[in-house]
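Structure first, commentary second.
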Protein chains: 2
Amino acid sequence: MAYRETPAVRMRLDAARERLVTEATAVVAEVGWAGASVGVVAAAAGMSAGSVYQHFASKTALAVEVFRRAAGREVEVLGAVLRDGGGDAVARLACGVEIFARRAFERRGLAYALLAAPADEAVCAERLEFRHRYRALFAEVVREGTAAGLLPPQDPEVTAAALTGAVGEVLVDPLAVPGTDAAAEALLAELTAMALRCAGARTVQGGTDDR
Amino acid sequence: MAYRETPAVRMRLDAARERLVTEATAVVAEVGWAGASVGVVAAAAGMSAGSVYQHFASKTALAVEVFRRAAGREVEVLGAVLRDGGGDAVARLACGVEIFARRAFERRGLAYALLAAPADEAVCAERLEFRHRYRALFAEVVREGTAAGLLPPQDPEVTAAALTGAVGEVLVDPLAVPGTDAAAEALLAELTAMALRCAGARTVQGGTDDR
DNA sequence: GGAAGAAGTGAACCATGATTCAGACCTTGG
DNA sequence: CCAAGGTCTGAATCATGGTTCACTTCTTCC
């Protein structure tokens with residue numbers, strides 16, 4: 001007996017694992033899941049392919065971790081806005097959708113990877129799982145909105161699923177093809193308006209809007 | 001010179017190719033894209049793996065054909081209803097969504113494969129392409145609806161994308177987990193109602209619905 | 001019936017990329 | 001400094017599954 005893991009070592013290991021996840025996320029955002037081979041990811045993190053297995057049991061496990069971290073942040077943010085965003089349920093819904101979309105635009109590559117890029121079985125399963133979480137969050141505001149009489153009677157789960165799918169689908173194309181900032185802003189406005197209609201909110205957004 | 005392709009032979013070849021596509025479709029509906037290896041598909045069609053290459057240049061080409069055929073049928077049907085379904089734009093939209101969903105329920109496995117099952121790059125690309133077609137169809141009715149004053153001003157492309165995503169997302173879960181017929185009917189009602197709201201149609205479907 | 005020329009077979013071949021592992025190199029406590 | 005026990009490396013190994021191909025089995029036409 002002469003060696004025992006010391007805090008310094010633990011820290012280095014943890015840092016390496018962390019760097020691995022971070023870099024893997026960047027690689028995925030850049031080239032998608034298909035292009036993120038163990039070799040490429042390891043190189044990006046400055047380690048050998050073999051070392052990846054020091055931190056994760058398999059490539060799949062790493063991919064799942066990458067997905068969970070990134071998607072988890074979004075669920076977190078969306079949940080915060082939807083639950084404690086201020087204003088009534090309808091206002092929070094609009095705000096949530098807008099912020100979600102804005103964040104996606106700020107990290108196009110990653111957003112695309114999370115939402116739509118071809119991925120293997122395990123990542124697809126995670127996607128499904130996280131879509132359920134988004135759905136649960138949306139369902140909650142919709143439920144609240146109907147309870148408050150702001151929204152018409154409806155099955156909150158269906159509307160929530162629809163919102164999840166709608167927002168994703170509307171974003172996929174613009175995320176893939178850059179486009180101008182102005183176009184992005186216009187899209188955001190249309191997107192939130194659509195989301196409110198989808199939940200049945202009384203038309204407020206028309207306002208001074210002309211055309 | 002002693003052999004020339006005869007009509008009978010051509011027919012047999014065409015039939016074999018056809019059977020291959022049909023059986024491959026069935027296999028995909030059953031076990032998904034991942035499970036549909038060349039060997040399995042060939043066996044299902046009653047031929048050897050090698051013979052598959054008599055009809056398709058690659059497994060990918062076969063997969064793409066399978067997808068196009070199946071998805072093409074749906075585009076066809078949806079387009080027919082949306083364009084020439086009878087009634088005003090709103091009525092046709094409702095009808096289109098309902099029929100689309102109904103058809104999906106009638107072929108759960110296939111619908112799931114087309115909409116959401118993990119697939120390789122090429123099939124994902126087809127999926128994208130076909131989603132654009134659905135979108136174009138929806139955009140057309142929405143455009144017509146707004147022109148007729150039945151729907152509020154909106155970007156038809158955004159609404160169309162949203163409808164495409166929303167319908168798909170709402171269906172994915174129920175398609176994966178069986179459920180009762182009654183539940184399916186209820187879902188259909190909610191789904192079409194949601195679609196109309198999404199496009200901003202004045203609430204008609206509620207009947208006794210107030211506000 | 002037989003030559004010419006497909007079509008059909010399925011085992012061998014290959015490409016890809018994840019995973020392993022024997023050895024090199026560090027860290028630690030004594 | 002040493003022994004013990006990690007960590008790290010990267011080339012070799014494996015697994016998977018698409019693709020090829022030498023060979024067999026039809027078909028056609030003279």
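Chain identifiers are assigned alphabetically (A, B, ...) following the order of the sequence lines, protein sequences preceding nucleic acid strands; residue numbering begins at 1 within each chain.
Taking five base pairs at each end of the helix from C:dG1-D:dC30 to C:dG30-D:dC1 and finding the rotation axis that steps the C1' atoms of four pairs onto the next four gives two axes whose angle is 0°, to the nearest 10°.
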Identify all pairs in which a protein N or O lies below 3.5 Å from an N or O of nucleotides 14-24 of chain C, and state each distance.
from, atom 1, to, atom 2, distance (Å)
C:dA18, OP1, A:K59, NZ, 2.8
C:dA18, OP2, A:V38, N, 3.1
C:dT19, OP2, A:Y53, OH, 2.4
C:dT19, OP2, A:K59, N, 2.8
C:dT19, O5', A:Y53, OH, 3.2

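Exactly one residue among B:R127, B:R133, B:R103 makes a salt bridge (charged side-chain N to carboxylate O under 4.0 Å, His left out) with B:E74. That residue is B:R103.
When rounded to the nearest whole Å, the span between CZ of B:R17 and C1' of C:dA7 equals 16 Å. Atoms CZ (B:F56) and P (D:dG18) sit 15 Å apart, rounded to a whole Å. Here C:dT27 presents its P atom at 15 Å from CZ of A:R10, a figure rounded to the nearest Å. In this structure, A:Q54 atom CD and D:dG6 atom C1' are separated by 8 Å, rounded to whole Å. Going from atom CG of A:L20 over to atom C1' of D:dC8 covers 14 Å, rounded to whole Å. Distance, B:H55 NE2 to D:dT19 P: 15 Å, rounded to whole Å. The CG-C1' distance, from A:L13 to D:dT7, rounds to 7 Å in whole Å.
A cation-pi arrangement is absent between B:R102 and B:F105 under the rule of less than 6.0 angstrom and at most 45 degrees off the ring axis.
Looking only at side-chain heavy atoms (C-beta outward), A:E65 and A:H55 stay at 4.5 Å or farther from each other. Taking 4.5 Å as the limit, some side-chain heavy atom of A:R83 sits within range of a side-chain heavy atom of A:L137. No side-chain heavy atom of A:L62 sits less than 4.5 Å from a side-chain heavy atom of A:K59. Counting only heavy atoms from C-beta outward, the side chains of A:L20 and A:F56 approach each other to under 4.5 Å. A:L163 is listed as a side-chain neighbour of A:L93, based on a closest heavy-atom distance under 4.5 Å.
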Is there a side-chain hydrogen bond (donor to acceptor under 3.5 Å, both in side chains) between A:T159 and A:Q154 once you walk through the steps? CA-CA 8 Å; A:T159 301; A:Q154 61 194 282; 2.5 Å; yes
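Of the possible polar contacts, one joining the A:D120 side chain to the A:V123 backbone as a donor-acceptor pair under 3.5 Å is found.
Of the candidate nucleotides D:dT9, C:dA7, D:dT7, D:dT9 has the atom nearest to the side chain of A:M47.
B:S51 comes within 4.0 angstrom of a base, heavy atoms only.
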